[in-house]
Amino acid sequence: RKEVEQDPGPFNVPEGATVAFNCTYSNSASQSFFWYRQDCRKEPKLLMSVYSSGNEDGRFTAQLNRASQYISLLIRDSKLSDSATYLCVVNRAGGQNFVFGPGTRLSVLP
Amino acid sequence: DVKVTQSSRYLVKRTGEKVFLECVQDMDHENMFWYRQDPGLGLRLIYFSYDVKMKEKGDIPEGYSVSREKKERFSLILESASTNQTSMYLCASSLSGTGLTEAFFGQGTRLTVV
């Protein structure tokens, strides 16, 4: 089993739709959680950190469920510019390593 | 503005060549990382370093070595390049410590070994 798993995608949604991505991680001692965004042929960039109580940044909402070892990202009112690959990232317990999920590709269609 | 800079965007090397990929960060970060990214496999950690002259193997270190002589610079070395090392290589850095420490990435080096 991979250490971080994500919905395989791709997700093709119309503009204005709400879309949710799921991520599970296997190491229960993992400490920090993030969502990164990667545009085609570009480097990954931090979208948002995920806090234990859940957090929101504009149209984006992240949730963490430690008991189920599950992280989610909700995007409301999708824009064309949201088209990208979304990477679930977990900070490996006991160190400073970042473990990346395989990514979920989102295409927002006009 | 934070910056991680990789020396080359594109490289083409021959099988058996020794290849150096350079990465420099200007944020005074303790931690630096080298990943490779391949379609369907995502980002995989090759090596990381949490201090000058310190290095730790990641998940796929075979065929690679690293050097960190200065805090701001982390080099990835392919001792004898092979075609299966054709990939996108990404360098990253982060602050040390617990908590939500973000990793910042360079723009990537697309290496082709022929």
Side-chain angles (χ1 to χ4, degrees), chain A residues 1-10 21 23-27 29-55 57 62 64 66 71 84-105, chain B residues 1-6 8-10 21 23 25 27 29-51 54-61 68 74 87-110:
Chain A
R1 183 187 171 191
K2 289 183 180 176
E3 195 165 345
V4 180
E5 299 196 73
Q6 295 184 241
D7 290 333
F21 301 138
C23 171
T24 58
Y25 59 95
S26 61
N27 190 334
S30 298
Q31 297 171 347
S32 307
F33 310 91
F34 310 85
W35 284 101
Y36 274 69
R37 170 195 170 127
Q38 187 173 24
D39 294 302
C40 189
R41 297 186 178 279
K42 297 279 190 178
E43 71 274 22
K45 291 186 178 178
L46 180 69
L47 176 67
M48 58 195 303
S49 303
V50 185
Y51 301 112
S52 296
S53 55
N55 49 301
D57 183 2
L64 168 64
R66 284 189 186 269
I71 308 158
T85 296
Y86 290 83
L87 303 168
C88 176
V89 184
V90 174
N91 192 312
R92 193 172 265 163
Q96 294 291 319
N97 299 347
F98 297 86
V99 183
F100 286 76
T104 302
R105 188 169 173 186
Chain B
D1 196 16
V2 298
K3 201 130 186 184
V4 179
T5 304
Q6 294 181 230
S8 305
R9 289 296 302 272
Y10 300 95
L21 302 183
C23 175
Q25 50 97 0
M27 296 166 281
H29 285 171
E30 294 85 4
N31 303 321
M32 296 189 75
F33 310 85
W34 275 105
Y35 291 88
R36 63 178 283 177
Q37 185 173 30
D38 301 286
L41 297 176
L43 276 83
R44 294 179 291 166
L45 182 65
I46 304 170
Y47 267 96
F48 69 99
S49 168
Y50 52 86
D51 201 354
M54 305 300 288
K55 61 184 180 183
E56 294 285 342
K57 292 180 179 179
D59 300 314
I60 50 164
R68 191 157 181 211
F74 192 36
S87 186
M88 169 68 87
Y89 289 87
L90 288 157
C91 174
S93 72
S94 75
L95 280 171
S96 189
T98 57
L100 294 166
T101 54
E102 176 185 353
F104 294 88
F105 283 85
Q107 77 277 28
T109 297
R110 187 167 293 278

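Each chain gets a letter, A, B and so on, in the order its sequence line appears, and its residues count up from 1.
In this structure the side chain of B:E102 never reaches within 4.5 angstrom of the side chain of A:F98, judged on heavy atoms.
For A:K45, no part lies under 4.5 angstrom from a heavy atom of chain B. In this structure, chain A has a heavy atom under 4.5 Å from the side chain of B:R110, while its backbone stays farther away. When heavy atoms are compared at a cutoff of 4.5 Å, B:L43 approaches chain A by way of both its backbone and its side chain. Neither the backbone nor the side chain of B:E56 comes within contact range of chain A, judged by heavy atoms closer than 4.5 Å.
Of the listed residues (B:G42, B:G106, B:G108), the greatest number of heavy-atom pairs within a distance under 4.5 Å of chain A belongs to B:G106.
Taking CG of A:L87 as the start and CD of B:Q37 as the end, the distance is 7.0 Å to the nearest 0.5 Å.
Taking the six-membered ring where the residue is Trp, the centroids of A:F100 and B:Y35 are separated by under 6.0 Å.
More than 12 non-hydrogen atoms from other residues, nucleotides or ligands lie less than 6.0 angstrom from CZ of B:R44.
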